[in-house]
Amino acid sequence: MNKSYMRNILLCILAALAGFMSLGVQALPEKLPSDLVWQSNLSDPIFADPRAQRGGRYRSFVITFPLTLRLVGPDSNGSFASYMRANNMSLVGIHPNTRNPIPELATQWAFGDDGHSIYFRLDPDARWSDGTPVTADDYVFGLEFMRSKFILAPWYNNYFSEIITDLVKYDDYTIGIEGANPKPEDEMLFEYSVSPVPAHFHKLDENWVRDYNWRIEPNTGPYQISEIRKGKYVEFTRKNDWWANDKRYFKYRYNPDHIRVKLIRDFNIAYQYFRKGELDTFPLLMPRFWHKKAQGDIYENGYAGKIKFYNDVPQPISGLFLNEDAAPLDDVNVRYAIAHALNVDKVINTVLHGDYERLQTAHDGFGDYSNTSIRARKFDLKKAAEYLDKAGWSERNSDGIRVKDGKPLKIRITYFRSEHNDRLVILAQEARKAGIDFQLQLLDMSAAFKQIMENKHQAAWMGWAGGGLSPRYWEFYHSDNAHKPQTNNITNTDDKVLDAKIMAYRSATDKATRVKLAHELEQMIHDQGSFIPTFKVPYTREAFWRWIKLPANHATRTSDVVFDPLGGTGGLFWIDTEEQQATLEAKSDSKVLPKIMIIDKTWAVTP
């Protein structure tokens, strides 16, 4: 081991220790500082449409029914959880076009002179679903809740202990939050702006996970769950007297009276529901749907339309995640060989119609933080062979599959979306040329996710949602989260040098340092070879029935989905019930209406 290598380890460890030592240097003051400079933002443009109409039932779907209504703890991270989380507000939001902070549950905020504390004045109008005021006590309890061993949520326990280090109530509507380390102010607002937990609702004890599995928690958003038919649907109903109805950035939004989320386990079947008018919108991001399925009379006759909307958002972390705890993936040479045996470009140019682009790194779309010098390993059978030979997989059996110690090189790929079959079949066929046998395991989403979260997978074909102002590394790559269930480190990456670099990044106090460390971390993750990036898509594509109306700007710069009924960028559309009746009558009479095809490049990012 050379001196330079040891020096780098030492520097990273010292930086991380400096960050940890800073945690105890200065706690939040007992009294609210008198010299705080309070800020707010009520001057950015509204992004909803005053023409929006209230009413109607918006019908959507999920392909797996939730295993729980809890937002933390076992089985709480399924797809339905996105509806629940989007219906809870934070202290401060981010304007989806300007990316400036905007008020949510707080009306004002101020930064402490230590560089890692923030103070908030809470909105006295804020209410829980049951009418109870949202006060500072809900934030104090929220910190206790997220740190509690009873919730069985290691990630939250860690985040609210090591990142959110203190929270103080100054009065019923004023709080202070201390973060572990100084950061740029915009990042502090994102990292340290937390959501409250209703203190009057929860009883924290050893039975909490079981007792609250299906209890409907009060929330601060515009909707509340009003009906659950297990295995069939969940329905949300809009609150008639929602406290934020007339707030600047919430006016004219969240317009349907009801949102019904139906369980339809197969995308192809779900599309048939859409064609029959039993779903109001449908995602068309997959080329097979956009180019082939989304054709025919409902579009030609103008009953339904299509939109392609370019956005400017961090890309999801999509690709193949290799579990280093599952042999032979503990060998970096095997991981490199798999990367070079994946013919991603062939998939893009065939079944994906050239619509997608190659994702080069795990964190794309974060501006300065993204390391654009890194390129994903290309399909190269010669290099794949060299790495397999180096790993001792130098012989082939009669089927052409590499063998070692009499065992064939088989890699089980777990996935949960049947519409990805054609992509994975091509990858498997190409990988056989390198002597690798991909065994494709299609499971129900709940079963697949459970297998992955319990570390029983070999390779996982999936993606994590992007978001935030800067990449996050600890939950995905730190060894604290390796070799244990229910964490996001599904590759079981365990590297002490990487750990130290992650902690240095976490504790960095200025953007330039954080950007430098992010670039180094991205290179180290690339070198680890446990995540193989595949595709990115700089837009969203969706189908919608004519009665679903959009604002003139269609969506926002950071809209992942145009027809998102909830969330910070969502709730912009509305249902025109008169248009709905007219469209159904026209369809019944075979009357042709004007076609709807929208291509919006307002926020397209020029490569």
What closest approach, in Å, do A199 and D138 show between heavy atoms, and which atom pair accounts for it?
N-OD1, 3.0 Å
Keeping Q451 on the side-chain end and T414 on the backbone end, is there a donor-acceptor pair under 3.5 Å?
no
I need the minimum non-hydrogen distance between Y254 and R54, along with the two atoms involved.
O-NE, 3.8 Å
If we count only N and O atoms by modelled type, under 3.5 Å, do the side chains of E104 and Y249 hold a donor and an acceptor together?
no
Does one side chain, of T165 or E178, offer a donor that lies under 3.5 Å from an acceptor on the other?
yes
Taking the side chain as every heavy atom from C-beta outward, state whether Y233 and V261 have any atom pair closer than 4.5 Å.
no
Does D241 come within less than 4.0 Å of R127, counting only side-chain N to carboxylate O?
no
F563 ring center near F544 ring center (under 6.0 Å):
yes
So do the side chains of I490 and W464 get within less than 4.5 Å of each other, counting heavy atoms only?
yes
Distance only, no hydrogens: is a donor on one side chain within 3.5 Å (strictly under) of an acceptor on the other, for T107 and D123?
no
CG/N255 to CD1/I575 distance, rounded to the nearest 0.5 angstrom?
9.0 Å
Pair K549 + D49: basic N to acidic O under 4.0 Å:
no
With ring pair (Phe, Tyr, Trp, His ring centres under 6.0 Å) as the test, would you mind laying out the steps for F289 and F282 before giving the verdict?
CA-CA 10 Å; F289 279 87; F282 192 86; 5.5 Å; yes
What is the distance from atom OG1 of T534 to atom CG of L320, rounded to the nearest 0.5 Å?
8.0 Å
Is it true that F160 and F145 have ring centroids separated by less than 6.0 Å?
no
Could you walk me through whether H95 and D44 pass the side chain to side chain donor-acceptor pair (under 3.5 Å) check?
CA-CA 8 Å; H95 191 286; D44 275 8; 4.6 Å; no
Strictly below 4.0 Å, N to O, side chains only: are R99 and D312 in salt-bridge contact?
yes
Taking P256 as the fixed residue, which of W574, F573, F236 is the one that meets the side chain to side chain contact (heavy atoms under 4.5 Å, CB included) rule?
F573
Report yes or no: do T569 and T556 form a side-chain donor-acceptor pair below 3.5 Å?
no
Of all heavy-atom pairs between L322 and A459, which one has the smallest distance, and what is that distance?
CD2-CB, 3.8 Å
What pair of heavy atoms forms the shortest contact from V197 to H202, and how long is it?
CG1-CD2, 3.5 Å
Starting from the C-alpha separation in whole Å, work towards a yes-or-no answer on ring pair (Phe, Tyr, Trp, His ring centres under 6.0 Å) for F267 and F274.
CA-CA 10 Å; F267 254 68; F274 172 76; over 10 Å; no
Non-neighbouring partners of N97 that pass side chain to side chain donor-acceptor pair (under 3.5 Å), sequence neighbours left out
none
Under 3.5 Å, is there a donor-acceptor pair between the side chain of R70 and the main chain of P74?
yes
Could you tell me whether D257 and R238 make a salt bridge, using a distance below 4.0 angstrom between a side-chain N and a carboxylate O?
no
Is the gap between the ring centers of Y192 and H116 under 6.0 Å?
no
May I have the step-by-step check of side chain to side chain donor-acceptor pair (under 3.5 Å) for T281 and Y58, ending in yes or no?
CA-CA 9 Å; T281 63; Y58 176 68; 2.5 Å; yes
Between T491 and N489: side-chain donor-acceptor atoms closer than 3.5 Å
yes
Inter-residue atom distance F250.CZ - W242.CH2, 0.5 Å rounding
5.0 Å
With a 4.5 Å cut-off on side-chain heavy atoms, are Y83 and P565 touching?
yes
Would you tell me whether N481 and E475 have side-chain atoms, one donor and one acceptor, within less than 3.5 Å of each other?
no
Within the structure provided, determine whether H420 and L427 are in side-chain contact (heavy-atom separation under 4.5 Å).
no
Find the distance between CD1 (I177) and CD1 (I163) and round it off to the nearest 0.5 Å.
13.5 Å
Electrostatic pair E187-R514, nearest N-O below 4.0 angstrom:
yes
Can you tell me if R215 uses its side chain to pair, donor with acceptor, with the backbone of D211 under 3.5 Å?
no
Using 0.5 Å steps for rounding, measure from the CG atom of N492 to the OG atom of S479.
10.5 Å
Distance from L279 atom CG to K262 atom NZ, nearest 0.5 Å?
8.5 Å
